[in-house]
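Note sheet for the following structure.
Please read all numbers here as calculations on a predicted model, not as lab measurements.
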Amino acid sequence: MQKIIAIVVTYNRKELLIECLNAIKKQTYPVSRIVVVDNASNDGTDKLFSNNNMFDQDLFDYQRLPQNIGGAGGFHEGFKYASQLDVDWLWIMDDDTIPRDDSLEKLIDDAGVLGTDNVSFLASSVFGPENEAMNVPVISGHHSISGYPDWYFDLGKGLVKIESATFVSLLINNQAIKKIGLPVKDYFIWGDDTEYTLRLTHYFGPAFLSGKSKVLHKRANVKKLIIEEETNINRVPLYYYLVRNILITRTEYFGRKEGIKGIILWGGFSVTLLFRPKVKYRVKKFLTVQKGILDFIFRQYDYKRFSNRMTH
């Protein structure tokens, strides 16, 4: 039987976390351990794991961080801790992911169907509260010897070859983690999963979307991240990370020309924000995008550590 450790990163969403953890506990394919990485929540999350409380059980390993280092930092710490244990796969998700009872079993079954040790990860199919599509992975651009894409080769098995995905129910090969390192914690939020899964498929082996393994994603906003439609002024500054991280990843994995193209596209888009009708906080959004672009261009991030990410 494969040894699976689940990793859940959480921050101030106690009720969702409870639902997520109970769903993991009910899996038809049991996990060996559930590692909860808490980004310094102040909503009483820690009490769930204290003496004689809801999750005060040997199955749970509660790791409380001294400060909020974002989703990227949380997954970095979770991977760093769990990958050193006796484990075959890490099953990862945020606290707003609610797996079906057989979500993990289906992923394990699909790993067996593929019958190879070089699979880097498998992703569940993700749906929103109204059964809408969410967190859809990017299909693999790999080509067969004929020159045509080969993403559909395992379609008859309910599997699609993918290139990148989000951290919403991914089953990651621990051997892959040992080879390619940990998620980049300096990304803080948004884009860390894209960079990491691209690293997996580029430097370890293929990845697949499972049509049989399904999970519910209870994200408050089910739409894609679109800065012009953002109505919460407190979230606008977070789009800095989205812009900067996309540009870093785009340049690293698709070349300098793609990075320059990204700068031009984001730069032009930021100007349109100033003139589009019905855009709230237009100046703040313009400045946020501009800061993301400039910090990328002038490497106002830990560029050295990013360059060494295969070993960190």
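- Side-chain contact between Ile108 and Leu171 is present, with heavy atoms from C-beta onward closer than 4.5 Å.
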Side chain to side chain donor-acceptor pair (under 3.5 Å) between Ser164 and Thr197: does it pass, once the steps are laid out? CA-CA 5 Å; Ser164 62; Thr197 51; 4.6 Å; no
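- Side-chain atoms of Asn308 and Thr311 include no donor-acceptor pair closer than 3.5 Å.
- Counting heavy atoms from C-beta on, the side chains of Asn39 and Thr10 never come closer than 4.5 Å.
- Separating the OG1 atom in Thr45 from the CG atom in Leu16 is a distance of 10.5 Å, to the nearest 0.5 Å.
- Judged by distance alone, the side chain of Lys284 and the main-chain N or O of Val236 form no donor-acceptor pair under 3.5 Å.
- Side-chain N/O atoms of Asn245 and Asp192 include no donor and acceptor closer than 3.5 Å.
- No side-chain donor-acceptor contact under 3.5 Å links Glu195 and Tyr187.
- Taken together through direct or relayed side-chain contacts under 4.5 Å among Ile, Leu, Val, Met, Phe, Trp and Tyr, Val283 and Leu294 form parts of separate hydrophobic clusters.
- Counting only heavy atoms from C-beta outward, the side chains of Gln300 and Lys291 never approach each other to under 4.5 Å.
- A ring pair (Phe, Tyr, Trp, His ring centres under 6.0 Å) with Phe188 is found for one member of Tyr240, Tyr241, Tyr11, Tyr301 and no other, namely Tyr241.
- Comment: Arg276 does not engage Glu229 in a salt bridge, judged by the lack of any side-chain N to carboxylate O separation of less than 4.0 angstrom.
- Annotation for Ser50 and Asp56: closest pair O-CB, 3.1 Å, computed over non-hydrogen atoms.
- Under the 4.5 Å side-chain heavy-atom criterion for ILVMFWY residues, no single connected hydrophobic cluster contains both Ile4 and Val215.
- Here the two rings, on Phe167 and Phe75, have centers that are under 6.0 Å apart.
- The two atoms that bring Thr201 and Ile162 nearest to each other are CG2-O, 3.9 Å, heavy atoms only.
- Partners of Asp302 under the salt bridge (Lys or Arg N to Asp or Glu O under 4.0 Å) rule, at least two apart in sequence or in another chain, are Arg305.
- Applying the ring-ring contact (aromatic ring centres under 6.0 Å, His included) test to residues at least two apart or on different chains, the pairs with a partner in residues 262-296 are Trp266-Phe269.
- Every residue two or more places apart in sequence or in another chain that forms a salt bridge (Lys or Arg N to Asp or Glu O under 4.0 Å) with Lys3 is listed here: Asp86.
- His217 places a side-chain heavy atom less than 4.5 Å from the side chain of Asn135.
- Counting only heavy atoms from C-beta outward, the side chains of Ser120 and Ile180 never approach each other to under 4.5 Å.
- Of the N and O atoms on the side chains of Asp150 and Ser144, not one donor lies less than 3.5 Å from an acceptor on the other residue.
- Contacts of Asp94 classified as salt bridge (Lys or Arg N to Asp or Glu O under 4.0 Å), with partners at least two apart in sequence or in another chain: none.
- The pair Lys280-Glu228 does not meet the salt-bridge criterion, since no charged nitrogen lies less than 4.0 angstrom from a carboxylate oxygen.
- Residues Pro183 and Arg199 share a closest heavy-atom pair of CA-NH2, 4.1 Å.
- Remark: Arg244 does not engage Asp295 in a salt bridge, criterion side-chain N to carboxylate O under 4.0 Å.
- Side-chain contact between Asp96 and Val168 is absent, with no heavy-atom pair separated by less than 4.5 Å.
- Taking 4.5 Å as the limit, some side-chain heavy atom of Ile177 sits within range of a side-chain heavy atom of Tyr196.
- By the criterion of side-chain heavy atoms lying less than 4.5 angstrom apart, applied directly or through intervening Ile, Leu, Val, Met, Phe, Trp or Tyr residues, Val35 is grouped together with Phe79 in one hydrophobic cluster.
- Remark: Arg299 qualifies as a cation-pi partner of Tyr303 under the 6.0 Å distance and 45° angle criteria applied to the six-membered ring.
- By the 6.0 Å contact criterion, CZ on Phe254 is enclosed, its count of non-hydrogen atoms from other residues, nucleotides or ligands being greater than 12.
- Nearest heavy-atom pair, Ile263 versus Leu247, reported as atom, atom and distance to 0.1 Å: N-CD2, 3.6 Å.
- With contacts defined as side-chain heavy-atom distances shorter than 4.5 Å, the pair Asn174/Asp88 does not qualify.
- Within the structure, ring-ring contact (aromatic ring centres under 6.0 Å, His included) pairs that include any residue of residues 89-141 do not occur (at least two apart or interchain).
- Aromatic ring pairs are classed by plane angle as parallel below 30°, tilted from 30° to 60° and perpendicular above 60°; the pair Phe49 and Tyr62 is parallel.
- Taking every heavy atom of both residues into account, Gly147 and His143 meet most closely at O-CD2, 2.6 Å.
- Grouping the Ile, Leu, Val, Met, Phe, Trp and Tyr side chains by contacts below 4.5 angstrom, directly or via other members, places Tyr253 apart from Val243.
- Considering Arg13, Lys218, Lys14 as possible partners of Asp95, the one that fulfils the salt bridge (Lys or Arg N to Asp or Glu O under 4.0 Å) test is Arg13.
- Inspection of the Gln290 and Ser270 side chains reveals an N or O donor paired with an N or O acceptor under 3.5 Å.
- Placement of Leu107 and Ile92 in two distinct hydrophobic clusters is found when ILVMFWY residues are connected by side-chain heavy-atom separations under 4.5 Å, directly or transitively.
- Residues Asp61 and Gln63 have side chains that bring a donor and an acceptor to within less than 3.5 angstrom of each other.
- Taking each heavy atom of Ala176 and Leu200 in turn, the nearest pair found is CB-CD2, 3.6 Å.
- For Asp110 and Ser210, the side-chain atoms include at least one donor-acceptor pair closer than 3.5 Å.
- Rounded to the nearest 0.5 angstrom, Glu77 CD and Leu65 CG are separated by 6.0 Å.
- Applying the side chain to side chain donor-acceptor pair (under 3.5 Å) test to pairs two or more places apart or on separate chains, those with a residue in residues 21-30 are Thr28-Glu105.
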